[in-house]
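Notes to accompany the following structure.
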Amino acid sequence: MLTLNFTNFPILETERLILREHDLADAEALFAMRTNETVMKYIDRERPNDIFEIKDFISRFRNGYENGDNLAWVIALKDEPGQMIGSIGYWRTDFANHRAEIGYMLHPDYWRQGIISEALKRTIDFGFNEVNLHTISANINVENDASRQMLIKHGFKKEAHFKQDYYFRGRFIDSEIYGLLNPNH
């Protein structure tokens with residue numbers, strides 16, 4: 001059976017980035033992203049009402065890690081490790097089938113600099129080589145072409161297009177599911 005139990009939170013590094021655990025000090029940066037309509041345009045989740053909701057959200061991230069349910073990292077530049085610029089992580093882990101869904105977001109000031117690509121490559125490697133995932137999936141809003149292209153660039157294949165399967169803000173929205181199989185399995 002797959003587990004997400006690590007003695008210490010796994011800090012990941014790339015050439016430019018550090019992927020670290022969420023901290024309550026990240027609340028303002030996360031609140032700013034989760035209430036930014038540009039960032040959230042294709043992330044069909046309710047916006048937080050205040051900083052307290054974000055602090056609760058961060059606590060749930062940390063509890064999810066401690067319980068072995070999910071693994072979510074803050075994306076920060078190595079030269080400013082305390083400044084959250086985005087997040088990436090594994091959710092909806094299906095332990096019996098060695099699957100997890102990956103999701104990510106990035107502050108618009110850092111778009112088109114290869115940051116998500118760099119973070120995605122590192123978290124995919126970690127998911128396959130350290131966690132021993134068999135499949136990584138991604139669920140995107142069908143209008144999110146940038147995310148679709150990012151997934152395809154990293155080898156994900158479209159597995160499904162669900163018609164009006166998600167109800168958000170008074171309307172039904174289509175979803176696309178992408179998957180990536182562990183090449184070592």
Side-chain angles (χ1 to χ4, degrees), residues 4 19 21-22 24 26-65 67 69-76 84-95 97 99-121 123-124 127 133 135-180:
L4 292 179
L19 307 180
E21 187 172 17
H22 284 78
L24 288 177
D26 299 313
E28 285 187 30
L30 185 56
F31 181 76
M33 277 188 278
R34 300 283 289 194
T35 56
N36 181 319
E37 288 303 320
T38 303
V39 172
M40 299 297 290
K41 183 174 183 178
Y42 301 115
I43 300 174
D44 303 313
R45 302 281 180 271
E46 287 302 332
R47 310 321 185 234
N49 292 312
D50 54 42
I51 201 82
F52 300 107
E53 282 185 33
I54 287 294
K55 287 183 177 182
D56 182 55
F57 194 60
I58 290 171
S59 294
R60 287 198 311 265
F61 277 155
R62 295 174 70 115
N63 290 339
Y65 158 70
N67 297 335
D69 297 330
N70 60 45
L71 198 49
W73 292 273
V74 162
I75 301 172
M84 176 186 198
I85 63 169
S87 63
I88 191 164
Y90 290 112
W91 326 95
R92 296 184 183 97
T93 307
D94 176 352
F95 295 99
N97 295 301
R99 294 176 61 95
E101 181 181 316
I102 199 162
Y104 42 82
M105 65 188 304
L106 187 67
H107 191 281
D109 289 353
Y110 300 92
W111 287 2
R112 294 175 188 81
Q113 297 176 30
I115 289 172
I116 286 295
S117 188
E118 198 171 315
L120 189 57
K121 181 183 185 318
T123 53
I124 289 168
L133 290 171
T135 310
I136 299 171
S137 66
N139 181 335
I140 66 167
N141 181 307
V142 296
E143 296 176 11
N144 192 346
D145 192 56
S147 192
R148 177 184 300 106
Q149 295 308 318
M150 179 65 61
L151 294 168
I152 291 168
K153 173 183 175 181
H154 286 275
F156 284 76
K157 304 287 187 224
K158 183 176 175 179
E159 295 182 341
H161 181 128
F162 292 107
K163 296 284 192 183
Q164 299 183 6
D165 71 319
Y166 193 79
Y167 188 77
F168 181 68
R169 291 189 170 174
R171 65 187 186 103
F172 287 96
I173 301 168
D174 290 5
S175 297
E176 285 182 356
I177 308 298
Y178 285 80
L180 181 64

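In what follows, residues are counted from 1 in the order of the sequence shown.
- The OG atom of Ser175 lies 7.0 Å from the CG atom of Asn141; values are rounded to the nearest 0.5 Å.
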Worked check of side chain to side chain contact (heavy atoms under 4.5 Å, CB included) between Glu176 and Asn139: CA-CA 6 Å; Glu176 285 182 356; Asn139 181 335; over 6 Å; no
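- Taking NZ from Lys153 and OG from Ser117, the interatomic distance works out to 3.0 Å, rounded to the nearest 0.5 Å.
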What do the steps show when you test Tyr167 against Ile173 for side chain to side chain contact (heavy atoms under 4.5 Å, CB included), and what is the final call? CA-CA 6 Å; Tyr167 188 77; Ile173 301 168; over 6 Å; no
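- Within the model, atoms CZ of Arg92 and CG of Asn70 stand 10.5 Å from one another, a figure rounded to the nearest 0.5 Å.
- Taken to the nearest 0.5 Å, the CD atom of Glu46 stands 10.0 Å off from the CD atom of Glu53.
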The test is side chain to side chain contact (heavy atoms under 4.5 Å, CB included); show your working for Leu120 and Ile102 and say whether it passes. CA-CA 9 Å; Leu120 189 57; Ile102 199 162; 3.6 Å; yes
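- Remark: the backbone N or O of Met40 is paired with a side-chain donor or acceptor of Arg47 at under 3.5 angstrom.
- Considering all non-hydrogen atoms of both residues, Ser59 and Leu24 come closest at OG-CD2, 4.4 Å.
- No more than 12 heavy-atom neighbours from other residues, nucleotides or ligands sit within 6.0 angstrom of CZ on Arg112.
- Here the closest non-hydrogen pair linking Ala100 and Thr93 is CB-OG1, 4.1 Å.
- Atom CD of Glu159 sits in a crowded spot, with more than 12 heavy atoms from other residues, nucleotides or ligands closer than 6.0 Å.
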Residue pair Gln164, Arg171: steps toward the side chain to side chain contact (heavy atoms under 4.5 Å, CB included) verdict: CA-CA 8 Å; Gln164 299 183 6; Arg171 65 187 186 103; over 6 Å; no
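- The heavy-atom pair separating Met105 from Ile116 by the smallest distance is O-CD1, 4.0 Å.
- Here the options are Tyr178, Tyr104, Tyr42, the test is side-chain hydrogen bond (donor to acceptor under 3.5 Å, both in side chains), and the partner is Ser147; only Tyr104 passes.
- Considering OG1 of Thr35 and CD1 of Ile54, their distance stands at 7.5 Å, rounded to 0.5 Å.
- Tested against Asp26 for a side chain to side chain contact (heavy atoms under 4.5 Å, CB included), the candidates Glu21, Lys55, Met33, Met84 yield a single pass: Met84.
- The number of heavy-atom neighbours closer than 6.0 Å to CZ of Phe168, taken from other residues, nucleotides and ligands shown, is above 12.
- Residue Lys158 qualifies as enclosed at atom NZ: its count of foreign heavy atoms under 6.0 Å is above 12.
- Using cut-offs of 30° and 60° on the angle between ring planes, the pair Phe57 and Phe61 is tilted.
- Judged by distance alone, the side chain of Asn97 and the main-chain N or O of Arg99 form no donor-acceptor pair under 3.5 Å.
- Looking at heavy atoms from C-beta onward, Ile177 lies in side-chain contact with Phe162 at the 4.5 angstrom threshold.
- A pairwise comparison of heavy atoms in Gly103 and Trp91 identifies N-NE1, 3.6 Å as the closest pair.
- A donor-acceptor pair under 3.5 Å links the side-chain atoms of Arg148 to the main chain of Val142, judged by distance alone.
- In plain terms, the two heavy atoms of Tyr166 and Asp44 that are nearest each other are OH-O, 3.0 Å.
- In this structure, Val74 and Leu19 have side chains that are not in contact, with every pair of non-hydrogen atoms separated by 4.5 Å or more.
- Of all heavy-atom pairs spanning Val39 and Leu106, the tightest one is CG2-O, 3.9 Å.
- To the nearest 0.5 angstrom, Ile43 atom CD1 is 11.5 Å from Ile140 atom CD1.
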